[in-house]
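Just so it is clear, the model here is predicted, and its values are computed rather than measured. In what follows, chains are A, B, ... by sequence order, proteins preceding strands, each numbered from 1.
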Number of protein chains: 2
Amino acid sequence: MISHMDDVAGLEHDRDRLGRSSTAERVADILRERIAQGFFSPGQRLSEEAIGAALGVSRNTLREAFRLLSHERLLEHRLNRGVFVRVLSTDDVADLYRVRRVIEVSAVRHASAEGIAAMREAVEDGERAARENRWREVGTANIRYHQALSRLNGSQRLDDLMRQLLAELRLVFHVMRNPRSFHEPFVARNRTLLELLAAGETEKAERELVSYLDDAEALLMEAYRPQP
Amino acid sequence: MISHMDDVAGLEHDRDRLGRSSTAERVADILRERIAQGFFSPGQRLSEEAIGAALGVSRNTLREAFRLLSHERLLEHRLNRGVFVRVLSTDDVADLYRVRRVIEVSAVRHASAEGIAAMREAVEDGERAARENRWREVGTANIRYHQALSRLNGSQRLDDLMRQLLAELRLVFHVMRNPRSFHEPFVARNRTLLELLAAGETEKAERELVSYLDDAEALLMEAYRPQP
DNA sequence: AACATAAGTATTGTTCAACAATTCGACAAG
DNA sequence: CTTGTCGAATTGTTGAACAATACTTATGTT
């Protein structure tokens, strides 16, 4: 009997992807994607009645979804006034990059062969998309790159934090008028950092990463200053 | 006209302390405290009907509170089965200490005079409580100490992460039979680390901290192995 | 006795309708 | 131009209802 179980053992890994589908969570998934794609603009209010009617769910269920996204800092819940798509201040951007420096610098010190392979894939995807002038894809490849970098830490919780953090940053990206000017310089720098890590040059890699993040923050701040 | 506005300008800072009291959040506060104090045991199921009746709130409101605490990883939501007080595995403990190493080591590198003062207060509270054999207070002082340490990073988000992380660790502490044996050694080590930081010996401080966390993790794992 | 199956119960998931509480804009009064 | 008041619109919260799922107990078969 047990011999038959061995065939099924591999499935246990995917088990959590089955049961975890309550309506509220699926609603949250939909809204999260819409926000990430810029379908909802920062500052926009999300009406319970309108969205509830549009998705065909009750207000209570929708409110549960709102709570989830508020906790992820994608929505902002103001008492008796509703939920709004988060508007990041320059202080928020500064804080996000403080966290990125902590997590990603630590990741560089934990570099491993398998982890670097995942980064390499993201780099090549980004380079390919850049050659074909698909800058939206360059952006997503860049996000995958930094997720892979963060994963070097080997911590589920830091991965979650990084994912949430990059989702917040997307709120800023959508405000920028010219995505190419922001993403273009970092295609090459992703490659540079990758090769330094692959060569075991962690010292140089760390310096490159810090300079990388400083530049990215400065560029973002520059593009973000006008309308705060 | 604008000159009159200057008087009010200082109030904007306190604005967030006004509205923040919805029933669901207050319920979450109560439950969070109960969990922290070990009133609810890890693994215990929290019945919607029972707790809703005890607190005098409707199921819908209570469920919103459950969502909040589930997202903080204090409760675990299993579909169609209810919410349970989280039971941490040894893998969880290992992950928590991975995150602590990243955050706290980074904090050591950002040490500043004002931040160290807050740590000194926590150290002295802990030493006082230890002299008077109040080991529960030693535990809370220790938590305050590490929160103050984390605050050296100067990041709101890292502070939040640290607070959540220490709340999770409390779930483990309650399983231990003898709190004294766990907390006692670290009263002196908190002082040691503090003085190294105050003296600007960041190199030594970092080594001490890493060794500190390694020992704490090992001790916790040892006490935690029997019953998972 | 062991095991599978089926019925029944309890609990959660979701919706709906209602009302209280709060915000916001408009308009009037000073 | 400020202040006060009214009313519409929206959120906050409740309670009840029903569906969907999990747990328990009883039942029947081998």
Distance check: side-chain N/O of [X] vs OP1/OP2 of [N], anything under 4.0 Å?
{"X": "A/R81", "N": "C/dC24", "value": "yes"}
{"X": "A/T61", "N": "C/dT15", "value": "yes"}
{"X": "A/R59", "N": "D/dG12", "value": "no"}
{"X": "B/H77", "N": "C/dG13", "value": "yes"}
{"X": "B/R63", "N": "C/dT12", "value": "no"}

- Message: I'd like to know if the side chain of B/Y97 reaches the main chain of B/D214, judged simply by a donor and an acceptor atom lying under 3.5 Å from each other, with no hydrogens or angles considered.
- Response: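 Checked: no pair found.
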Between [X] ([atom1]) and [N] ([atom2]), how many Å, whole number?
{"X": "A/E48", "N": "C/dT15", "atom1": "CD", "atom2": "C1'", "value": "15 Å"}
{"X": "B/L62", "N": "C/dT12", "atom1": "CG", "atom2": "P", "value": "9 Å"}
{"X": "A/N60", "N": "C/dT12", "atom1": "CG", "atom2": "P", "value": "16 Å"}
{"X": "B/N80", "N": "C/dA10", "atom1": "CG", "atom2": "P", "value": "18 Å"}
{"X": "B/R78", "N": "D/dA20", "atom1": "CZ", "atom2": "C1'", "value": "19 Å"}
{"X": "A/L79", "N": "C/dC24", "atom1": "CG", "atom2": "C1'", "value": "15 Å"}
{"X": "A/R67", "N": "D/dT13", "atom1": "CZ", "atom2": "C1'", "value": "11 Å"}
{"X": "B/L68", "N": "D/dG12", "atom1": "CG", "atom2": "P", "value": "13 Å"}

- Task: Consider the side chain of A/T23, meaning its heavy atoms from C-beta on, and name the nucleotide among D/dT13, D/dT11, C/dT14 that approaches it most closely.
- Result: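 Nearest nucleotide to the side chain: C/dT14.
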- Task: Pick base, sugar-phosphate or nothing for A/G56, based on heavy-atom distances below 4.0 Å to the nucleic acid.
- Result: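 Sugar-phosphate only.
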- Classify the side-chain pair A/Q156/A/D160 by whether it contains a donor and acceptor separated by less than 3.5 Å.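 Yes, a side-chain donor-acceptor pair sits under 3.5 Å.
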- Does NZ or CZ of A/R34 lie under 6.0 Å from the centre of the six-membered ring of A/F39, at an angle within 45° of the ring axis?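 The answer is yes; both the distance and angle limits are met.
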- Item | Salt bridge flag under 4.0 Å for residues B/R157 and A/D92 |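 Judged by the 4.0 Å cut-off on N to carboxylate O distance, B/R157 and A/D92 do form a salt bridge.
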- Using heavy atoms to find the nearest nucleotide of DNA chain C for B/E49 and A/A24 separately, return the residue whose nucleotide is more 5′.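 The residue closer to the strand's 5' end, by nearest nucleotide, is B/E49.
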- For a side-chain hydrogen bond (donor to acceptor under 3.5 Å, both in side chains) with B/E72, tell me which candidate from B/R32, B/Q164, B/R67 qualifies.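 Result for side-chain hydrogen bond (donor to acceptor under 3.5 Å, both in side chains) with B/E72: B/R32.
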